[in-house]
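The block underneath contains the structure these notes are about, expressed in structure tokens.
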Amino acid sequence: MSGLDHPEQEGTATDTVFLSYSRDDQPLARKVFDLLQDAGISVWWDAMLEGGARYHTVTEDKLETADAVVVLWSKISSVSHWVHDEATRGRDRGAMVPVSIDGTEPPLGFRQFQWITLPSDANWTADTPEIEGLIKAVKLKRDSACPAITESSGAGATAAQAKTSPVISRRAAIFTGAALAVGAGGFTARNAGLFASAETDIKLAVMPFNVMGGPGEDSYLLEDFAAGIRSQLARNPLLHVAAKTSSNAFRDKGDTAGVISGKLKVNYLLTGDIRRAGNTLTGGAELIDGNTDRVLREFEIKGPIDSVFTIQSQIAAGIVTLLAGADDRSTGGEVSGGTQNVAAYDAFLRGQELYDSGTDEASDRAALTKFNEAIRLDPDYAAAHAKRGRSLALTQNLYGAPRERDSAMNAAAEAARRAIAIAPDFADGYAVLGFVFATGKLDMAGALKPWKQAYELGKGDADILSRYAIFRSRIGDDSEAKDAIALAESLDPLNARVFRYAGDIAYNSREPGMAILEYEKAYGLNEGLSSYHNLVGWARLTMGDLVSAKSNFEAETRYVFKKTGLAIVEDKLGNRAFAERHFAELKEHQGDKSNYQYAQVHAQWGNEAEALSALAAAWAARDAGLAQIYKDPMLDPLRGTEGYQRAVARMGFE
């Protein structure tokens, strides 16, 4: 909501209604304003301001003192941070009167109250039943401390048709200290009869919280607040918790709880709002039944910034208590591998964002700097040590000189071991150690033990499951790989990277048709998927569909993959001159950086000696591509040779 183009007179101190709306809905908001005024109700809206910032002192004062906050929900306003801010304050004060002006349901966090849906033709008059209901609701708010719009699980009914059903009321919640004292009075899922037993498959998604008041220096901390709760819940074996990427796909979309639950295949959603006011965190969270839109439990977020971890832990513990009952496996306390140092946590989050962006060498090295800063601030921050190890291995693989490889990989392994020593039950420490051994040291036998440990500790983490699955696939454990990637897909059904890994696993298993289906799912989720055309090209090549494979390789943007694929497919199409030209261009462009790809080309051309020589050169440079050697279909012509057998044995595959 923002000031209109024709401001009116300043409101008075006795205004009854604060009208919240989106500027794009101005014509409809004007009609509601006029109808309420005509009914003798004093209304204030920001059209009365003479100008200035959105949260003008007058605006805040009117929002705090109004008897009723009429919120006009629409497709546009449901994704407006300003309207969310005002609606949240109205809701928290018990003054909100929600109204849908175009049939749109209120967004998550505002559906526990019955709302009024105005006719879609917008031909509203004082005699329109829904307008009469609105006027009555506002007058009741004005004349009584009791809310006129009751908490309900109903949706979209008019005031005349409204029927309520009991839900857990905000006013029934008990707050103590910095956060909600969850599970008060021994209330558990079993006590309430919500679930048959603690073994029920309970599926939950933690949605990104709405950061109120716009970005600031603390935006990383606030944006990641929900992720901290998600991490704690994912550790509980009784819960199936949707991963961050899939949950965050719904940010600012305004989808209903039912739609989100259906797409994520979960039963429950946690949603909320958070802001920082000075040194204090404020806001609230709601656990919603995705099948009925009922709010099962509300949590207040209130406490000093240093209590952020305590608040996250108490919310997580409350959810476990409610959904899974009191159990010694319930989540509580600090997440393994975490920190209690807010500054270290902030540095870690900034590094994580840089790392995930994968923009270029500068951003990858900046990420490493941030992880180092987090460790400086908290030397016992296991997650920062683990991520530092991954960053060291990544920057060496992508940008490091061969002479620096051993020292960089040793440092990466040491960082992972430090994380494990600090937090022996922290899955990512083992995952990083497995990653360093497999792709850094090319020691697959050495990687197996830490990867197994990462899997056992991280079965609720889709990222760990995906990377474990691809490792298992590369060493030939097809069944284990498929089981792990299937679990990752169930936790993260909207993450393109998970389906890309599923495609790689199918390809390694000699199921190219299935691989293409998985790659297409990934591409449907992210059209910017790295190397999509290359991946499909390899699958089509192994199927013998050479013309389609050629088209895919021609469409590939990464030079090394494009030229490698074309050198092979043109030869199979009988165009040896074209194939040799592509290969010559590849070697001229890549020099000694792509010996693994040279081995693929020579193997497919039938040049056994040249292929084995290229593999030896790749080993000398510790080319990370060798991690694929054991299951790569392009190397099938070499499998019976002594040189190939020595290569795979040296890497610990057999």
Side-chain angles (χ1 to χ4, degrees), residues 1-3 11 13-23 25 29 32-33 36 41-49 52-74 77-100 106-116 134 137-138 140-142 145-151 169-171 173 175 180 209-216 222 225 252 254 271-278 280-286 295 298-303:
M1 171 178 148
S2 61
T14 58
D15 294 318
T16 299
V17 170
F18 180 100
L19 188 62
S20 177
Y21 63 99
S22 169
R23 178 172 182 168
D25 295 323
V32 173
F33 176 88
L36 290 173
I41 297 170
S42 177
V43 184
W44 188 92
W45 63 344
D46 64 357
M48 295 176 175
L49 288 173
R54 169 170 172 68
Y55 270 101
H56 189 281
T57 303
V58 175
T59 304
E60 293 192 38
D61 178 67
K62 297 301 181 184
L63 182 60
E64 290 296 323
T65 59
D67 294 324
V69 178
V70 174
V71 183
L72 303 185
W73 291 117
S74 68
S77 70
S78 64
V79 294
S80 165
H81 291 305
W82 306 126
V83 176
H84 273 248
D85 277 0
E86 292 165 351
T88 298
R89 189 59 194 135
R91 179 193 65 187
D92 293 348
R93 291 184 52 235
M96 185 176 68
V97 179
V99 179
S100 173
L108 293 178
F110 300 100
R111 295 194 194 119
Q112 73 271 37
F113 301 96
Q114 192 68 48
W115 65 89
I116 297 169
L134 171 60
V138 169
L140 283 171
K141 286 285 187 186
R142 180 188 63 190
C146 298
I149 306 297
T150 58
E151 297 183 3
S169 167
R170 170 182 303 278
R171 288 171 294 280
F175 298 96
L180 176 66
F209 279 26
N210 180 35
V211 178
M212 313 289 279
L222 300 185
F225 184 84
D252 296 330
T271 184
D273 304 306
I274 188 169
R275 75 156 71 229
R276 180 174 182 174
T280 302
L281 291 178
T282 61
E286 295 174 333
V295 176
E298 294 185 341
F299 305 87
E300 183 181 43
I301 298 170
K302 187 174 183 180

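All residue numbers in this chain count up from 1 along the given sequence.
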Closest approach of [X] to [Y] (non-hydrogen atoms, all atoms of both residues):
X      : Y      : value
Met96  : Val71  : CG-CG2, 3.9 Å
Lys141 : Ala68  : CB-CB, 3.9 Å
Leu222 : Arg276 : CD1-N, 4.0 Å
Gly90  : Val69  : CA-CG2, 3.9 Å

Mind checking side-chain hydrogen bond (donor to acceptor under 3.5 Å, both in side chains) for Ser74 and listing every partner two or more places apart, or none if nothing turns up? Asp25, Ser77
[atom1]/[X] to [atom2]/[Y] distance, rounded to the nearest 0.5 angstrom?
X      : Y      : atom1 : atom2 : answer
Trp44  : Leu63  : CH2   : CG    : 9.0 Å
Glu64  : Phe18  : CD    : CZ    : 10.0 Å
Ser20  : Leu72  : OG    : CG    : 7.0 Å
Leu281 : Glu300 : CG    : CD    : 11.5 Å
Leu140 : Asp67  : CG    : CG    : 12.0 Å
Thr271 : Phe209 : OG1   : CZ    : 6.5 Å

Apply side chain to side chain contact (heavy atoms under 4.5 Å, CB included) to Val32 and Val99, showing your working. CA-CA 10 Å; Val32 173; Val99 179; 5.8 Å; no
Set of residues satisfying side-chain contact (heavy atoms from CB on, under 4.5 Å) with respect to Ser78, sequence neighbours excluded: Trp73, Thr104, Pro107
Please confirm whether the backbone N or O of Arg91 pairs with a side-chain atom of Arg89, one donor and one acceptor, at under 3.5 Å? no
Assess the residue pair Phe225 and Ile301 against the criterion (side chain to side chain contact (heavy atoms under 4.5 Å, CB included)); give the C-alpha distance rounded to whole Å, side-chain angles, the decisive distance to 0.1 Å, and a yes or no. CA-CA 11 Å; Phe225 184 84; Ile301 298 170; 3.7 Å; yes
Stepwise side chain to side chain contact (heavy atoms under 4.5 Å, CB included) check, Thr88 with Met212: CA-CA 10 Å; Thr88 298; Met212 313 289 279; 3.7 Å; yes
Steps toward side chain to side chain contact (heavy atoms under 4.5 Å, CB included) verdict (Thr16, Leu36): CA-CA 10 Å; Thr16 299; Leu36 290 173; over 6 Å; no
